Protein chains: 2
Amino acid sequence: MVTIKDVAREAGVSVATVSRVLNDNGYVGADTRKKVMEAIAELNYSPNEVARSLYKRESRLIGLLLPDITNPFFPQLARGVEDELSQAGYRLLLGNSDENIQKELEYIQTFVQNNVVGIITATNHVDYKIYEALDLPLVLLDRASENYPAVYADGREGGRLAAKTLIEKGAERITLVKGPANIKPAQDRFQGAIEELSRADVDFSVLSTTSYSFEEAQGWAEELFDKFSDTDGIIASNDIVGIAIVHEAMERGKRIPEDVQIIGYDDIPQSRLSYPTLSTIRQPAYEMGREAAKLLIRTIKKEPGVEQTIQMPVELVERKTTRKE
Amino acid sequence: MVTIKDVAREAGVSVATVSRVLNDNGYVGADTRKKVMEAIAELNYSPNEVARSLYKRESRLIGLLLPDITNPFFPQLARGVEDELSQAGYRLLLGNSDENIQKELEYIQTFVQNNVVGIITATNHVDYKIYEALDLPLVLLDRASENYPAVYADGREGGRLAAKTLIEKGAERITLVKGPANIKPAQDRFQGAIEELSRADVDFSVLSTTSYSFEEAQGWAEELFDKFSDTDGIIASNDIVGIAIVHEAMERGKRIPEDVQIIGYDDIPQSRLSYPTLSTIRQPAYEMGREAAKLLIRTIKKEPGVEQTIQMPVELVERKTTRKE
DNA sequence: TTGAAAGCGCTACCAC
DNA sequence: GTGGTAGCGCTTTCAA
């Protein structure tokens with residue numbers, strides 16, 4: 001490993017001087033600087049971030065905690081975060097929590113141990129003491145909170161929009177799929193839909209589910225049609241479940257959208273590829289990731305007047321599983 | 001921040017002793033150990049990984065470089081890597097390269113700067129000098145190489161299997177979709193398919209594509225049916241493209257698998273959710289991630305007799321886009 | 001404008 | 001068994 005000492009020796013100066021040119025602060029004579037630059041190039045030196053981090057008590061690392069990167073909504077978020085962060089010179093320490101508080105604690109701890117300068121987390125456990133005790137910029141992603149800056153889309157509004165859409169498009173026996181109880185955004189959109197449905201003059205029923213996953217989505221779809229075979233409008237808990245429902249409806253020979261309309265949530269990339277293509281409520285995941293990163297960076301840099309919360313717009317994407325008029 | 005000094009003071013011992021109980025090496029009296037443990041608990045101390053890393057010249061960090069986490073094949077790999085690694089006490093530094101050598105270089109450099117103990121990379125650029133110069137355990141994931149340990153599935157065999165399957169199931173005018181030229185595994189499976197197709201007594205044509213992405217998959221599918229409207233068997237470059245093709249075939253009123261059979265590649269989770277469900281060549285992505293992590297850990301620990309290469313089995317998953325007999 | 005040296009938090013060597 | 005201390009690679013006073 002080539003260190004700052006080697007560079008100093010090569011350039012015939014002290015390490016202090018090398019450090020100065022490295023960080024571009026303090027006075028350095030033009031020719032000295034040149035010598036140092038040459039030595040750096042010559043030795044192909046690049047500074048040890050760990051030593052820097054130790055001295056300054058802060059690294060260029062940021063911790064990102066996500067429930068499960070395997071769920072297609074999250075890679076979008078992650079990518080948004082990364083693109084913004086890496087551009088600003090930060091690197092990402094990634095953890096999957098599986099919504100499991102234990103894992104979450106462990107990751108947060110190792111983030112701290114590694115001197116991260118900030119944390120972005122999609123957690124349902126913000127109110128645990130570990131977050132309170134955290135002496136670090138924290139931004140919530142895809143989650144709202146009273147106590148921390150957050151970037152999220154308005155789930156309640158999204159739920160309302162989904163319900164309203166189906167009602168307007170003439171669905172009369174609506175089935176609402178309720179996502180996992182422990183996932184906050186799932187409940188928000190559910191509440192929004194309930195609100196709108198209750199207000200309107202339609203029959204509706206609720207299918208309660210406990211996961212968002214590919215593995216089980218098929219099961220929920222089957223259960224749905226077994227229990228509510230005459231439903232003519234389905235509000236899915238997310239696009240994965242939505243796509244599974246579309247699939248199951250086709251299997252059962254239902255005509256979409258004539259017999260049954262289906263609306264998803266999230267607008268994950270593959271919802272454009274289902275057959276028929278899935279109408280859905282879009283959350284701008286990639287942009288949310290970027291915004292969260294930007295917000296975090298501004299907080300880290302202590303820029304004045306940084307907003308506490310960014311609520312991203314939710315939007316209806318009409319495709320082929322809802323009627324046209 | 002509470003440091004080892006604070007613990008030492010609290011426990012009335014020296015930092016050396018605290019360090020010994022922390023690392024569980026050297027002699028420590030039972031009662032002394034107890035006092036130290038209590039002090040640690042009392043102060044809620046956890047050691048600074050950065051300081052450790054600096055002294056030992058190695059961290060508990062591992063760099064993972066992937067082309068694009070947004071492509072649904074990679075989260076599976078990433079998750080496999082993470083699950084195995086985190087269990088062994090390592091944490092993940094993540095980077096997306098977009099197959100871009102510049103970004104790749106930058107990430108590798110920051111991995112090194114952060115004292116990672118090893119790197120897992122899915123790169124097409126192994127032969128660049130940066131990897132050569134790397135004085136770190138490296139394992140390739142989803143890529144083969146003569147020079148480095150690697151975990152991958154046999155793309156050639158997979159390509160053959162895809163072609164063989166379609167031929168056996170009676171396709172007579174096969175269209176083979178060729179993936180991006182710069183992506184090694186895409187070419188392997190293509191070559192395998194070509195090989196098998198050439199050997200058999202069938203007509204076939206090739207559609208050349210330059211991406212794997214959701215955004216463009218739809219376009220490739222349309223182009224395919226525009227150019228080869230009478231094809232009765234399609235070998236997709238991956239499942240994304242496969243799903244897009246299934247979708248487009250349905251749009252065009254083709255019966256699947258009667259009029260046209262389609263076979264994908266990868267077995268990403270959503271291929272079970274297309275309509276009809278996509279037959280495909282499965283790569284065990286999650287397991288590949290795990291194996292890569294295990295291999296890396298064994299290399300780091302310098303265990304004797306570590307295999308250089310793990311070739312994972314490729315497997316036909318028959319679903320509804322291929323005929324039954 | 002430059003260099004010497006302290007110190008970031010930790011580990012490991014050497015004394016006792 | 002335990003403590004003192006050098007030193008990991010760097011940045012930043014402070015003096016010169």
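Bear in mind the structure is a predicted one, so any value in this text is a computation, not a measurement. The analysis underlying the following values was restricted to heavy atoms, covering all of them including side chains, and did not include hydrogens, waters or symmetry mates. Letters A, B, ... are given to chains in the order of the sequence lines, protein chains preceding strands, and every chain is numbered from 1.
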How many Å lie between CG on A/L43 and C1' on D/dG9, as a whole number? 15 Å
Atom NZ of B/K5 to atom P of C/dT11: distance rounded to whole Å? 14 Å
Rounded to the Å, how far apart are B/N25 CG and C/dA12 C1'? 8 Å
Is it the case that the side chains of B/N114 and A/R91 hold a donor-acceptor pair, with the cut-off being a distance below 3.5 Å and no angle test? no
Does the side chain of B/Y45 get closer than 4.0 angstrom to OP1 or OP2 of C/dC10 through an N or O atom? yes
With sequence neighbours excluded, tell me which residues meet side-chain hydrogen bond (donor to acceptor under 3.5 Å, both in side chains) with A/K301. none
All heavy atoms of B/V15 vs all of B/K5, minimum pair found to be CG1-CA, 3.9 Å
State whether a side-chain donor-acceptor pair under 3.5 Å links B/N124 with B/E99. yes
Counting any heavy atom closer than 4.0 Å, what does B/V50 reach on the DNA or RNA strands: base, sugar-phosphate only, or nothing? nothing
Ignoring the backbone of B/M1, work out which of D/dT2, C/dG9, D/dG9 is nearest its side chain. C/dG9
What is the separation between atom CD1 on A/I4 and atom C1' on D/dG9, rounded to the nearest whole Å? 8 Å
Does B/T32 reach a base, just sugar-phosphate, or nothing at all? Heavy atoms under 4.0 Å. sugar-phosphate
Hey, are B/D154 and B/Q311 close enough side-chain-wise for a donor-acceptor pair under 3.5 Å? yes
Closest to the B/T3 side chain, choosing from D/dC10, C/dT11, C/dC10: C/dC10
When you get a sec, tell me which of C/dT11, C/dT2, D/dC8 is the closest nucleotide to the side chain of B/K56? C/dT11
Within less than 4.0 Å of OP1 or OP2 of C/dT11, is there a side-chain N or O belonging to B/R52? yes
Between A/R9 (CZ) and D/dG9 (P), how many Å, whole number? 12 Å
Nucleotide C/dG9, atom P - distance to CD1 of B/I40 in whole Å: 16 Å
Which parts of residues 11-21 of chain A get close to DNA chain D, meaning a heavy atom less than 4.0 angstrom away? A/A16, A/S19, A/R20
May I ask you to verify if any side-chain N or O of B/N23 is less than 4.0 angstrom from the OP1 or OP2 atom of C/dT11? yes
Atom pair distance, as rounded to whole Å: CZ in B/R57 and C1' in D/dC10: 14 Å
Between D/dC10 (P) and B/L54 (CG): distance, integer Å: 9 Å
Between B/Y212 and B/D68, do the side chains contain an N or O donor and an N or O acceptor separated by less than 3.5 Å? no
Would you say the side-chain atoms of A/Y131 and A/E104 include a donor-acceptor pair closer than 3.5 Å? yes
